[in-house]
Asks: 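I have a structure I would like to understand better, so I am pasting it below and will then ask my questions one at a time.
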There are 2 protein chains.
Amino acid sequence: MRGKGNKRVTSVEVAAAAGVSQATVARTFSSPHKVADTSRAKVHEAASALGYVPNAIARSLKSQRTNIVGAVVPARGEYWQHLIAEISQQLAEQGSQMLLFTFAKPSEVASVVQSLRQYRVDGVLLASSFIDHDSIVDVAGLGIPAVAFNHPEALDVTASVSVDNVAGAAALADHLIETDHQTVAFVGGDPDTGSDRLRYRGASNRLREHGIVCPYIPAGGFDYDSGYAIAESLLRHFGGGDGLPDALMIAGDELAFGVMDGLSKLGVSVPNDVSVTGFDGLPQASWAGFDLTTLVQPAEELIREALGQLTSTPSTIESHTTVPGFVRVGQSTRRQACAEEGKA
Amino acid sequence: MRGKGNKRVTSVEVAAAAGVSQATVARTFSSPHKVADTSRAKVHEAASALGYVPNAIARSLKSQRTNIVGAVVPARGEYWQHLIAEISQQLAEQGSQMLLFTFAKPSEVASVVQSLRQYRVDGVLLASSFIDHDSIVDVAGLGIPAVAFNHPEALDVTASVSVDNVAGAAALADHLIETDHQTVAFVGGDPDTGSDRLRYRGASNRLREHGIVCPYIPAGGFDYDSGYAIAESLLRHFGGGDGLPDALMIAGDELAFGVMDGLSKLGVSVPNDVSVTGFDGLPQASWAGFDLTTLVQPAEELIREALGQLTSTPSTIESHTTVPGFVRVGQSTRRQACAEEGKA
DNA sequence: GGAGCGTATGCATACGTTGTCATCAGGTCA
DNA sequence: TGACCTGATGACAACGTATGCATACGCTCC
């Protein structure tokens, strides 16, 4: 296949070996159709003999395109980890790579943005509600295409792509109403995030239309532990298992897992004593142990849309795209009467 | 903070604005200690006025260092997703970034390696047992530092860092023995992977020393669904719930989750009817719903070691490092008699 | 006070590619 | 046969930074 492949091989050396000019070697790899078949063959032969691979760094310097997309995501959270692989896969399909930036605390975002600027990425995917508005503005001012992923509040300064949080939460509420749940409470992750607020709004508005008042209960985070911890508070707040509402709508799947496990540990049965819904549609929601009724975010479609925004937008139009999710019905919510009737 | 930050600003323009040479601007950002305080101040002032950020692409071209580490990881699998964030965080600490390459099928690795070569990354982290040997050899021949992560078989061509699979499995076996389990079976993920084989070897050897013969049962994958599906086969194989061994050692945590849920669905109680151990130490293993007895891989330490190999190795020494894990005792294995005695 | 030395800076070049421009071969058409 | 076009190729100048080399400056020490 290739020689020792040890030393740095440049297009100049390949050109010499192939008996053509350096420019022809370059063209062979960047725009092959401009090179005669015979030359192309010679170049490829010489290239593989020498173990030549075009230098993307030099290419990027000259062409001002890196074929790299930067992704800024939180270090923790099942949801984000779930997305990263999908992003990477889709980028690979279109011949790009993904430079990953994670942050544990929102305060780290600023330094991350610095790195991003240095690397002259073609675009930036800001994936989190936890990125503060200032940082978004910072990125928007960079002059590179940016799209906020599931960050509905950023729509004034940058493009954004989100699942339809309001409609999704409403759809979940509809499901609860159809299955005859009379009292519902909403367990939020972090009221400072747009996703949280929109989901609560979608749920509570729809429920109110049906005469159900839905209180908001903050869990203090979207993580499993927050959910596990809030379970006890819930019981206390509602005055024991009997006082619980018919259903708990939880702002995120991971949080819901925690709540379910927490309730279970306290002797509360899901869905017999209380129904639980999530939001995200993580793979784990389908695991038999949880089998969570949740709103599935169509990850593939969301990301495809976001990447489309990155590559197409002339960095001037700020569009706000919303993608509908769909309800996955699991065993975490009880059905009205007979088992086969719950279909909407 | 900065001006309009729209146009491309180069060190030359900053130099002009600051009244120094381009070289001084460059030095201000790459080796500040070589620049006088007064000049540095002038440069910084001019830089932030113009919104200048050093161009990492150009820097890389000249310096032959990209400060980018490539990571090749499978697209699916809770374990890998769990590691990605940690890798990224540690790289950020040392001022590097992570170029992420995911692959869904082993056949995709070849093209990934091509991309890697183009980008002249400083090092490569090969994170998977699923990467075939040929690809490893390919990467090893690239002349860039590479380290195989949890791929014990690659030790002849490249450095590698792994948890001590044999000792870890043996430690789990010890725990089972101490808690008076008499019959044990091992559920493997994929016998073609080194991790799987080493874990089985560690477990079965230790068990044999205590007169226990441990059969190997292949699940066909390390994923949740494989585990869930194998549960029924297990029951059939052992002739129903009563025929089950005292304990099942599962090759990986995610697989174990599937087995536990599968068994539960079939009316088998863990740990009353059968104890279950995992391997990996995923965060989810600590979730109350599973509370899995497992071998925790010290992710932070493993990655620190791997990255150390990348940056320090002069790409000649191929060292094989093994890091010990530790047993996490959960509720998925029953304890002998009193609850407080199970400590090793 | 001059030799010697260390520090700060400027100049010029190189990193490996892309893209523009000019050139040249070969074929068509009048 | 000469003018014209098309397609392939080569020469050359960027892209924005790092760095070796030379120089100028400010010291100390004899």
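Convention: sequence-line order gives letters A, B, ...; per-chain numbering from 1.
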Asks: Quick check for you: to the nearest 0.5 Å, what is the distance between A:T24 atom OG1 and A:R40 atom CZ?
Replies: 12.0 Å
Asks: Does B:E45, at its CD atom, have more than 12 non-hydrogen atoms belonging to other residues, nucleotides or ligands within less than 6.0 Å?
Replies: no
Asks: For B:Y52 and B:H44, I'd like to know if the aromatic rings sit close, meaning centre-to-centre distance below 6.0 Å.
Replies: no
Asks: Flag the pair B:P74 / B:F103 as yes when at least one side-chain heavy-atom distance between them is below 4.5 Å, and no otherwise.
Replies: yes
Asks: Nearest 0.5 Å, please: how far is CD in B:Q94 from CD in B:Q97?
Replies: 10.0 Å
Asks: Do A:Q297 and A:Y79 touch side chain to side chain, with heavy atoms closer than 4.5 Å?
Replies: yes
Asks: Using chain A heavy atoms and a threshold of under 4.0 Å, write down where along DNA chain D the contacts begin and end, 5' to 3'.
Replies: D:dA8 to D:dG16
Asks: How many Å lie between CZ on A:R8 and P on C:dC15, as a whole number?
Replies: 12 Å
Asks: Take B:L302 and B:F149 through the test side-chain contact (heavy atoms from CB on, under 4.5 Å) and record every step on the way to the result.
Replies: CA-CA 8 Å; B:L302 280 164; B:F149 193 87; 3.7 Å; yes
Asks: Could you state the interatomic distance from CG (B:L307) to CD1 (B:I87), rounded to the nearest 0.5 Å?
Replies: 7.0 Å
Asks: Mind calculating the distance between OH (B:Y119) and C1' (C:dT17) to the nearest angstrom?
Replies: 14 Å
Asks: Taking A:A148's backbone N and O only, do any of them form a donor-acceptor pair with A:T158's side chain (distance below 3.5 Å, no angle check)?
Replies: no
Asks: Going by number, which of residues 27-43 of chain A have a non-hydrogen atom under 4.0 Å from DNA chain C?
Replies: A:R27, A:S30
Asks: By nearest heavy atom, map B:A58 and B:V20 onto DNA chain C; which one lands nearer the 5' end?
Replies: B:V20
Asks: So does B:Q64 get a side-chain nitrogen or oxygen closer than 4.0 Å to the phosphate oxygens (OP1/OP2) of C:dG16?
Replies: yes
Asks: When the C1' atoms of the five terminal pairs at each end define the local axes, what inter-axis angle does the helix from C:dG1-D:dC30 to C:dA30-D:dT1 show, to 10 degrees?
Replies: 40°
Asks: Let me know the distance between CZ of A:R120 and P of C:dT18, rounded to the nearest Å.
Replies: 19 Å
Asks: Nearest heavy-atom pair of B:S115 and B:F101: which atoms, and what distance?
Replies: CB-CE2, 3.5 Å
Asks: May I ask you to check whether A:E86 and A:Q90 show a side-chain donor-acceptor distance below 3.5 Å?
Replies: yes
Asks: Can you measure A:K62 atom NZ to C:dT17 atom P for me and round it to whole angstrom units?
Replies: 14 Å
Asks: Write down the distance between CG (B:L61) and C1' (C:dT18), rounded to a whole number of angstrom.
Replies: 12 Å
